[in-house]
A.B. asks: 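Structure in structure tokens, see below.
A quick note: this is a predicted structure, and the numbers were derived from the prediction, not measured.
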There are 2 protein chains.
Amino acid sequence: MAIPRAAKTQRRTRIQEEKEERILEAALDVFSQNGFRGATIDQIADAAGMSKPNLLYYFRTKEAIHRHLIDRVLFTWLEPLRAFDAEGNPESEIRSYIRRKLEMARDFPRESRLFANEVLQGAPHIEDELKGPLKELVDEKAEVIRAWARSGKIAKCDPYHLIFSIWSTTQHYADFDVQVRAVLGQDYAGEGRFEDAARFLEQLFIDGLRARNA
Amino acid sequence: MAIPRAAKTQRRTRIQEEKEERILEAALDVFSQNGFRGATIDQIADAAGMSKPNLLYYFRTKEAIHRHLIDRVLFTWLEPLRAFDAEGNPESEIRSYIRRKLEMARDFPRESRLFANEVLQGAPHIEDELKGPLKELVDEKAEVIRAWARSGKIAKCDPYHLIFSIWSTTQHYADFDVQVRAVLGQDYAGEGRFEDAARFLEQLFIDGLRARNA
DNA sequence: CGATAATTTGACCGCTTGGTAAAACATTAC
DNA sequence: GTAATGTTTTACCAAGCGGTCAAATTATCG
């Protein structure tokens, strides 16, 4: 007779841990492809290879699964920006930031789409995180960029819009993948487009931001 | 006793025309905010100020409304790219393309989000349009850009990824509006961010693509 | 006016959805 | 072992969904 619902016991069994992971993995698939409202618990349960009530034993509601995923993604998604180093060389910092974001778009497209879906629909579940932690981190890094510009290491530019443009150009390859593939055609087999994109974006941003002694 | 369903009569009454317009307007609101699956006919009917069966008298299915909207958006969305002129000055062509795309993001964010929602979820309704007309148009304009690069008017670069990067950076201000606002803070009242974005993007792309005689 | 066609409404249907209840089953602790 | 706890299943529900139907209402036209 279980009053439970997983969280009751402080120490979670391995079976709990394993099942929860399987659920989240399946949910990532489904949510990222259909959005929150488009996803159904049955779909997720199917993909996780268990019955719906069984799934609901681990997560009480559909929203609980979603929140769990969103929290996780939000954290890892900002890693590359956190790594942005004020002491480093501006050009190589920007270059490696672009690289890392592009790698994430390539390796974790579902996470990117999950996030995009959420923001696109007004970010109903994460407004606070955006206005709080996210804004603070961006403010901090914007100051770093501004300092680089002031000291003439890169061209003067609006640091916020610089960050936005790196976000958008890199995530585009995950979020708009179907469109990218459609336009490039299938002769573009494999992941070559990511290498090409990296080359292009590095050129664009590095040359576009190179300090001009005018 | 009407066998009707609007399309039966070749000549549509003004009342038909007006109601259909009201429905599409309402549907744009709802679809762009909730995606296809997230939107309900009741919501759209409510927003259009009519009953559900009444709405279904004008559009037989939810998909019919959606297809109508998507077709319309797809067409107008490509206008700026079509205007891209091979004979013009490369720098000013690119500059005004960015401007126009940014203006569309500002003035028609719902249209942008409708499209983004669709592509994000795998473009189930418009795969053919992407692989057909869209690809052809992009191929054509990519050739123009390549010619500019060959003749040394702009730096050598991958024209496809250049187009992608203009699309993504500009549409970002419509699709990720909540995030942009959250990060910039509400001190950013009004639409000033679009002017700032325009300045930044023009600088980035123009300087990033300026021909290098190296 | 009356007749005919166009529009609107309310009642309804079958299916899917998120979620529950309770009992069956499995596992662990002693 | 057995008792307690943890897990899974079967059956189910109430609400929401896309869509239909037939009757009621309104507009149009001679």
A.B. asks: In whole angstrom, what separates B:L56's CG from D:dA22's C1'?
C.D. replies: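 Nearest whole value for this atom pair: 16 Å.
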
A.B. asks: Less than 3.5 Å between a donor and an acceptor, one on the side chain of B:K62 and one on the base of D:dG19, is that the case here?
C.D. replies: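 Not at all, since no donor on one side and acceptor on the other fall under 3.5 Å apart.
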
A.B. asks: With a 4.0 Å cutoff (strictly under), does any side-chain N or O of A:N54 reach OP1 or OP2 of D:dT9?
C.D. replies: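 The answer is yes; a side-chain N or O of A:N54 sits under 4.0 Å from OP1 or OP2.
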
A.B. asks: Remember a base hit wins even if backbone is also touched, and classify A:S51 as base, sugar-phosphate or nothing at under 4.0 Å, heavy atoms.
C.D. replies: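 Base contact.
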
A.B. asks: Can you name the residues that form a side-chain hydrogen bond (donor to acceptor under 3.5 Å, both in side chains) with A:S165, not counting sequence neighbours?
C.D. replies: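 With sequence neighbours excluded, A:S165 shows a side-chain hydrogen bond (donor to acceptor under 3.5 Å, both in side chains) to no residue whatsoever.
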
A.B. asks: Ignoring backbone atoms, test whether B:R37 places a side-chain nitrogen or oxygen under 4.0 Å from the OP1 or OP2 oxygen of C:dT16.
C.D. replies: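 Answer is no, no contact under 4.0 Å.
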
A.B. asks: In this structure, how many angstroms lie between the C1' atom of D:dT7 and the CZ atom of A:R22, rounded?
C.D. replies: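 It works out to 13 Å between those atoms.
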
A.B. asks: Just how far, in rounded Å, is C1' of D:dT9 from NZ of A:K19?
C.D. replies: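 One finds 12 Å between C1' of D:dT9 and NZ of A:K19, rounded.
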
A.B. asks: Has A:Y58 got a side-chain N or O lying under 4.0 Å from the OP1 or OP2 atom of D:dT8?
C.D. replies: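 For D:dT8, OP1/OP2 do have a side-chain N/O of A:Y58 under 4.0 Å.
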
A.B. asks: What nucleotide among C:dT20, D:dG6, C:dG18 has an atom nearest to a side-chain atom of A:P53?
C.D. replies: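 Ranking C:dT20, D:dG6, C:dG18 by closest atom to the A:P53 side chain puts C:dT20 first.
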
A.B. asks: List the residues meeting side-chain hydrogen bond (donor to acceptor under 3.5 Å, both in side chains) with B:W167, not counting sequence neighbours, and say none if there are none.
C.D. replies: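 Partners of B:W167 by the side-chain hydrogen bond (donor to acceptor under 3.5 Å, both in side chains) criterion, ordered by chain and then number, come out as B:Y97.
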
A.B. asks: Name the nucleic acid region contacted by A:A64, choosing base, sugar-phosphate or nothing; use a 4.0 angstrom heavy-atom cut-off, strictly under.
C.D. replies: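 No contact at all - A:A64 keeps every heavy atom at 4.0 Å or more from the nucleic acid.
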
A.B. asks: Can you tell me the distance, in whole Å, between the CD atom of B:E18 and the P atom of D:dA27?
C.D. replies: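 For the pair B:E18 CD and D:dA27 P, the rounded distance is 12 Å.
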
A.B. asks: Between A:R82 and A:F75, is NZ or CZ placed under 6.0 angstrom from the six-membered ring centre and within 45° of the ring axis?
C.D. replies: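 Judged by the rule (NZ or CZ under 6.0 Å from the ring centre, within 45° of its axis), A:R82 counts as positioned above A:F75.
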
A.B. asks: Measure the distance from CZ on A:F31 to P on C:dG18 and round it to the nearest whole Å.
C.D. replies: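 Going from CZ in A:F31 over to P in C:dG18 covers 9 Å.
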
A.B. asks: Rounded to the nearest Å, what distance is computed from the CG atom of residue A:N34 to the P atom of nucleotide C:dG18?
C.D. replies: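 Answer to the nearest Å: 11 Å.
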
A.B. asks: In whole Å, what is the span from the CG atom of B:D42 to the P atom of D:dT20?
C.D. replies: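 One finds 14 Å between P of D:dT20 and CG of B:D42, rounded.
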
A.B. asks: Counting only side-chain nitrogens and oxygens, does B:Q16 get under 4.0 Å of the OP1 or OP2 atom of C:dT7?
C.D. replies: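 Yes, B:Q16 has a side-chain N/O under 4.0 Å of OP1/OP2 on C:dT7.
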
A.B. asks: Given C:dT8, is OP1 or OP2 found less than 4.0 Å from the side-chain N or O atoms of B:Y57?
C.D. replies: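 Result: no.
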
A.B. asks: For A:K52 and C:dT20, give me the distance from atom NZ to atom P, rounded to whole Å.
C.D. replies: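 Rounded to whole Å, this separation is 11 Å.
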
A.B. asks: Between A:M50 and A:I23, does the side chain to side chain contact (heavy atoms under 4.5 Å, CB included) criterion hold? Intermediate values first, please.
C.D. replies: CA-CA 9 Å; A:M50 61 179 80; A:I23 292 169; 3.8 Å; yes

A.B. asks: Quick check for you: to the nearest 0.5 Å, what is the distance between A:E143 atom CD and A:D139 atom CG?
C.D. replies: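 A:E143 CD to A:D139 CG: 9.0 Å, rounded to 0.5 Å.
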
